[in-house]
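From a predicted model like this one, the values you see are computed outputs, not experimental measurements. Nothing fancy with the numbering, it's 1 onward along the sequence.
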Amino acid sequence: MLSAAQMEIIKQTVPVLEDHGEVLTRHFYQRMFRENPEVLAFFNPAHQHAGTQQRALAAAICAYARNIENPAMLAGAVELIAQKHVSLGIQAEHYPIVGENLLASIREVLGEAATDEIIDAWAAAYGALADLFIQREGEIYHHQTEVHGWQGFKRFVVRQREAASDNIVSLYLVPEDGQPLQPHQPGQYVTLRVTPENGVPVMRNYSLSNRPGSEHYRISVKRELACDAGAPDGVCSNYLHDRIAQGDVVELAPPCGEFVLTPVAEAGKPLVLIAGGVGITPILSMLYAALEQQPDREVIFIQCALNGAVRPFERELATLRGEYPNLTVHVRFSEATDEDRIRALHDSEGLLDSALLDQLIGDQDAEFYLCGPAPMLKHGWRLLKQRAVEDADIHFEFFGPAGDLAA
């Protein structure tokens with residue numbers, strides 16, 4: 001247990017962590033991958049190359065240090081990370097590996113400034129945090145076994161494959177053993193594991209885009225291309241697009257994730273779902289659930305995309321719009337083509353803005369769920385705060401390491 005003196009030492013290290021956090025976390029990952037290469041499979045190399053994983057870890061360490069006396073303030077972040085850990089199969093025996101490399105990195109990066117007292121305090125702090133994660137993750141693993149009937153990875157067959165857009169492919173997956181699937185919570189993701197030709201397994205989280213309670217899982221995967229020279233293309237997404245066919249077998253871990261549609265907190269409050277690009281995948285599952293479970297609730301679905309070529313689920317949304325009178329669907333393209341305009345594939349052009357929210361929602365209080373690329377989420381967050389929407393009514397999910405919308 002952390003002593004009062006150790007807590008004070010941790011708090012005193014906050015300025016140093018804020019100044020040198022990314023240097024520390026870059027050193028930590030390099031050291032851990034060198035000393036413990038067995039953990040490489042748990043990490044996405046694209047996130048490492050872009051630095052997002054290092055920045056996310058640095059922010060998490062700083063947040064933990066600032067709240068060392070009241071870790072309950074970090075309950076939401078702990079739940080998000082615990083769900084991610086379980087999705088990848090992180091176990092209690094992995095925590096000593098991280099702890100050893102983190103403490104060694106603190107000593108190696110800070111040099112003489114890393115006194116024995118500081119190292120001892122951070123060892124105690126890390127131990128307390130590890131115990132917290134291990135306990136919560138054990139509860140999630142138990143829940144998975146109770147509800148879904150398995151934990152870890154299970155073999156699934158690709159029953160169907162179809163294009164959702166020019167850059168997104170949907171895979172319909174059923175258990176190889178024929179056992180029925182229990183409904184997932186709308187918004188959850190599964191972890192897919194495949195082994196490409198190089199023989200090194202890769203794991204990636206993909207949101208479930210199907211209606212909860214379907215006899216299959218559906219993941220809808222965008223082909224990820226390198227964003228700059230020297231960066232890798234998405235290993236798993238390109239493998240799924242180019243290699244995986246109907247009848248092939250992949251492995252899935254049970255559904256995870258805390259970004260889920262919650263019961264209506266206030267009668268009469270509209271539900272607004274905002275999706276950007278492939279961020280539609282968890283939002284679409286939420287839409288199905290809301291329409292079936294909350295038939296009297298006004299639902300507004302805003303889909304943002306570049307243009308019609310990369311807009312997924314056009315026919316599916318058109319069908320839902322025709323079946324549910326309480327549903328409004330608005331499609332906005334930021335880079336519409338002449339063909340889009342001729343075919344009337346969208347309702348408006350530009351980025352998400354206040355004028356569109358005013359048009360669709362007016363001055364009503366509403367509950368919002370957002371998913372998409374980080375720039376869109378940051379922009380959407382600011383728009384909602386300008387409308388004085390309460391934090392409790394704004395729910396969002398990043399794809400990749402979580403960031404700070406308010407930054």
Side-chain angles (χ1 to χ4, degrees), residues 158-173 184 186-190 192 204-212 214 216-225 234 236-242 244 246 257 259 261 272-291 299-324 327-337 339-341 343-349 351-352 369-377 380 396-400:
V158 180
R159 190 178 71 179
Q160 182 182 344
R161 172 190 166 109
E162 67 181 15
S165 72
D166 284 2
N167 64 344
I168 296 174
V169 64
S170 288
L171 303 178
Y172 293 73
L173 307 168
H184 66 279
Q188 285 189 307
Y189 54 83
V190 291
L192 177 141
R204 296 292 183 269
N205 296 143
Y206 293 113
S207 296
L208 292 166
S209 60
N210 58 281
R211 178 184 62 81
S214 302
H216 58 261
Y217 288 150
R218 181 176 69 177
I219 61 172
S220 302
V221 181
K222 177 186 174 185
R223 184 190 291 274
E224 297 292 348
L225 302 177
C236 195
S237 69
N238 282 274
Y239 182 78
L240 296 178
H241 274 258
D242 297 335
I244 295 296
Q246 182 175 329
F259 177 63
L261 185 68
V272 182
L273 304 172
I274 304 175
V278 74
I280 191 176
T281 49
I283 299 293
L284 183 57
S285 185
M286 290 180 178
L287 177 61
Y288 276 111
L291 293 174
V299 179
I300 298 168
F301 191 95
I302 303 173
Q303 183 180 17
C304 302
L306 290 176
N307 52 54
V310 294
R311 178 206 171 188
F313 305 115
E314 175 190 348
R315 291 192 299 274
E316 211 161 313
L317 287 168
T319 299
L320 291 173
R321 185 177 352 201
E323 291 179 350
Y324 292 91
L327 171 63
T328 297
V329 175
H330 189 98
V331 179
R332 170 159 284 198
F333 288 165
S334 58
E335 298 179 14
T337 65
E339 182 179 356
D340 293 334
R341 298 182 185 104
R343 296 177 58 195
L345 293 180
H346 57 300
D347 302 294
S348 63
E349 296 183 20
L351 300 177
L352 183 70
Y369 288 78
L370 304 87
C371 188
M376 184 206 113
L377 293 182
F396 58 88
E397 173 152 88
F398 283 92
F399 281 176

- Task: Sequence neighbours left out, what passes side-chain hydrogen bond (donor to acceptor under 3.5 Å, both in side chains) with Gln160? Give chain and number order.
- Result: Glu162

- Gln303: what forms a side-chain hydrogen bond (donor to acceptor under 3.5 Å, both in side chains) with it, not counting sequence neighbours? Arg311

Which residues pass the side-chain contact (heavy atoms from CB on, under 4.5 Å) test with [X], not counting sequence neighbours?
X	answer
Ala164	Ile168, Ser170, Pro312, Phe313
Val310	Asn167, Leu306, Asn307
Arg332	His330, Ser348, Asp353, Leu356
Arg321	Val329, Asp347

- Without swapping roles, check the side chain of Ser285 against the backbone of Ser209 for a donor-acceptor pair under 3.5 Å. no

Report the residues that fulfil salt bridge (charged side-chain N to carboxylate O under 4.0 Å, His left out) with [X], sequence neighbours left out, ordered by chain and then residue number.
X	result
Arg204	none
Asp166	none
Glu335	none
Glu316	Arg218

- The ring-ring contact (aromatic ring centres under 6.0 Å, His included) partners of Tyr217 (sequence neighbours excluded) come to Phe156

- Note on the structure: Those residues at least two apart in sequence (or on a different chain) that pass ring-ring contact (aromatic ring centres under 6.0 Å, His included) with His216 are Tyr172

- Taking atom CD1 of Ile280 and atom CG of Leu273, what is their separation to the nearest 0.5 Å? 10.0 Å

